[in-house]
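Both backbone and side-chain heavy atoms feed into the values below; hydrogens, waters and symmetry mates do not. Below, chains carry the letters A, B, ... as their sequence lines are ordered, and counting in each starts from 1.
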There are 2 protein chains.
Amino acid sequence: MPTSAETEQAAAVEHADLVDVIVQTSFATMAVLNRVAAEHDLSLTQLRVLAILRDRRLRMTELARYLGLDKSTMTGLVDRAEKRGLLRRARDPADGRAVDVFLSADGARAAERGHEQIARLLAPMTGTLSRADQHRVQILLAAMLSGRPG
Amino acid sequence: MPTSAETEQAAAVEHADLVDVIVQTSFATMAVLNRVAAEHDLSLTQLRVLAILRDRRLRMTELARYLGLDKSTMTGLVDRAEKRGLLRRARDPADGRAVDVFLSADGARAAERGHEQIARLLAPMTGTLSRADQHRVQILLAAMLSGRPG
DNA sequence: TATTGTTATACTCTATAACTATA
DNA sequence: TATAGTTATAGAGTATAACAATA
């Protein structure tokens with residue numbers, strides 16, 4: 001019969017295997033996202049901004065918080081996207097310091113197309129699972145997300 | 001009874017939900033990896049290089065292929081890591097053009113510590129699942145990975 | 001005084017093109 | 001000629017510190 005220490009050791013090894021597969025899946029997913037972004041001539045962060053603003057209008061600071069970036073980083077990011085006509089700034093009339101950022105019509109179209117492309121490019125991965133297993137993994141990942149840090 | 005078109009539409013919606021949860025999980029995982037990298041004063045790419053070289057010795061070009069980067073990008077990346085004593089270069093005696101890259105003792109230690117930290121920081125996510133569910137998600141993700149593009 | 005956003009600065013990451021050395 | 005790697009260059013992403021405008 002295994003000791004308690006042996007059981008814990010076995011659990012740690014199993015957990016390491018799970019971590020490895022999560023990390024590998026994440027890199028594979030990021031490779032797809034980078035590819036989609038590159039096809040739109042965007043960086044991954046820019047694509048992410050479009051995705052975040054798909055159903056929201058946010059201040060610079062809020063956007064920075066969503067992305068986990070410093071607010072000073074947002075200025076250049078938004079500058080470049082605005083110059084390309086993908087999003088726009090507007091001063092908040094209620095607070096003269098704040099600036100709202102939101103998608104232009106072009107930006108909204110790019111966001112939609114990007115979303116579709118991502119689904120299409122991930123299909124080879126998700127398609128290895130049966131419909132029932134796809135549903136299972138969705139439930140399990142959603143549960144994991146509820147415990148995410150940050 | 002739903003038409004075939006209706007069934008396909010429903011399947012597309014379900015697939016979009018699955019894609020969203022995969023993407024969100026990937027961003028949460030990447031946030032953890034970035035945090036671990038930052039604690040070691042490394043970029044995500046540098047941490048990834050250490051992880052790749054944990055059990056391998058690779059040429060510059062092979063390393064570039066693993067990372068999906070241009071070989072010219074590797075020069076600076078390896079330069080900086082070598083300067084910090086984390087990895088080393090050695091000419092391949094069999095081919096005077098090739099350069100092998102491998103971890104130093106310090107680099108190997110950093111790679112181990114990083115690996116442990118990642119497991120620890122992901123534990124709040126993985127820990128939301130029972131041991132049995134952890135095993136299930138591992139199996140399902142591994143199956144998905146077998147269909148990854150690239 | 002505190003908050004919002006921008007600017008100035010510096011460093012890293014990244015790709016393209018041109019180059020050197022070797023095969 | 002083709003391949004392995006580096007260098008030169010340029011643009012984007014990022015953070016820190018200092019700043020202006022507003023609250």
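At a threshold of 4.5 Å between non-hydrogen side-chain atoms, the residues A:T73 and A:L67 do not count as touching. Residues B:Q117 and B:R120 have side chains in contact (heavy-atom distance under 4.5 Å, counting atoms from C-beta outward).
In this structure, CG of A:D100 is placed 12 Å from C1' of C:dT4, rounded to the nearest angstrom. Atom CG of B:L69 is separated from atom C1' of C:dT16 by 14 Å (rounded to the nearest Å). C:dT4 atom C1' lies 12 Å from atom CG of A:D70, rounded to whole Å. To the nearest angstrom, C1' of C:dG5 lies 13 Å from CD of A:E62. Atom-to-atom, CE of A:M60 to P of C:dT3 comes out at 18 Å; the value is rounded to the nearest Å. For the pair A:R35 CZ and C:dA15 C1', the computed distance is 18 Å after rounding to whole Å. The distance from atom CG of B:D79 to atom C1' of C:dC13 is 13 Å, rounded to the nearest whole Å.
Ion pairing of B:D79 with B:R89 is present here, as a side-chain N (NZ or NE/NH1/NH2) and a carboxylate O approach within less than 4.0 Å.
No engagement by B:D92 is indicated, since no non-hydrogen atom pair under 4.0 Å with the nucleic acid exists. Nucleic acid contact for A:T61: sugar-phosphate only, since backbone atoms but no base atoms lie under 4.0 Å from a heavy atom of the residue. A:R91 comes within 4.0 angstrom of nothing in the nucleic acid, heavy atoms only.
B:Q134 places no side-chain N or O within donor-acceptor distance of the main-chain N or O of A:H15, the cut-off being under 3.5 Å. Here the side chain of A:R65 pairs no donor or acceptor atom with the backbone of A:E62 at under 3.5 angstrom. Here the side chain of A:R148 pairs no donor or acceptor atom with the backbone of B:M125 at under 3.5 angstrom. For A:S26 (side chain) and B:M30 (main-chain N/O), no donor-acceptor pair under 3.5 Å exists by modelled atom type. At least one donor-acceptor pair closer than 3.5 Å links the side chain of B:R91 to the backbone N or O of B:G96.
Near DNA chain D, meaning a heavy atom under 4.0 Å from it, residues 80-87 of chain A has A:R80 in order of number. Contacts of residues 37-53 of chain A with DNA chain D (heavy atom under 4.0 Å): A:S43, A:T45, A:Q46.
Rounding to the nearest 0.5 Å gives a distance of 6.5 Å between OG1 of A:T29 and CG of A:L33. To the nearest 0.5 Å, atom NE2 of residue B:H40 and atom CG of residue B:L50 are 9.0 Å apart.
On the nucleic acid side, DNA chain D has its first and last nucleotide under 4.0 Å of a heavy atom of chain A at D:dA12 to D:dA23, going 5' to 3'.
Applying the 4.0 Å criterion to OP1 and OP2 of C:dT14, one finds that B:T73 has every side-chain N and O outside that range.
For the residue pair B:D70 / B:S72, a side-chain donor-acceptor distance below 3.5 Å is found, with atom types taken as modelled.
Annotation for A:R88: atom CZ does not count as buried by contact number, only 12 or fewer foreign heavy atoms lying within 6.0 Å.
Each of C:dT14, C:dT4, C:dT22 was ranked by its minimum atom distance to the side chain of B:D95; first place goes to C:dT22.
With hydrogens and angles ignored, a donor-acceptor pair under 3.5 angstrom links the side chain of B:S72 to the base of C:dT16.
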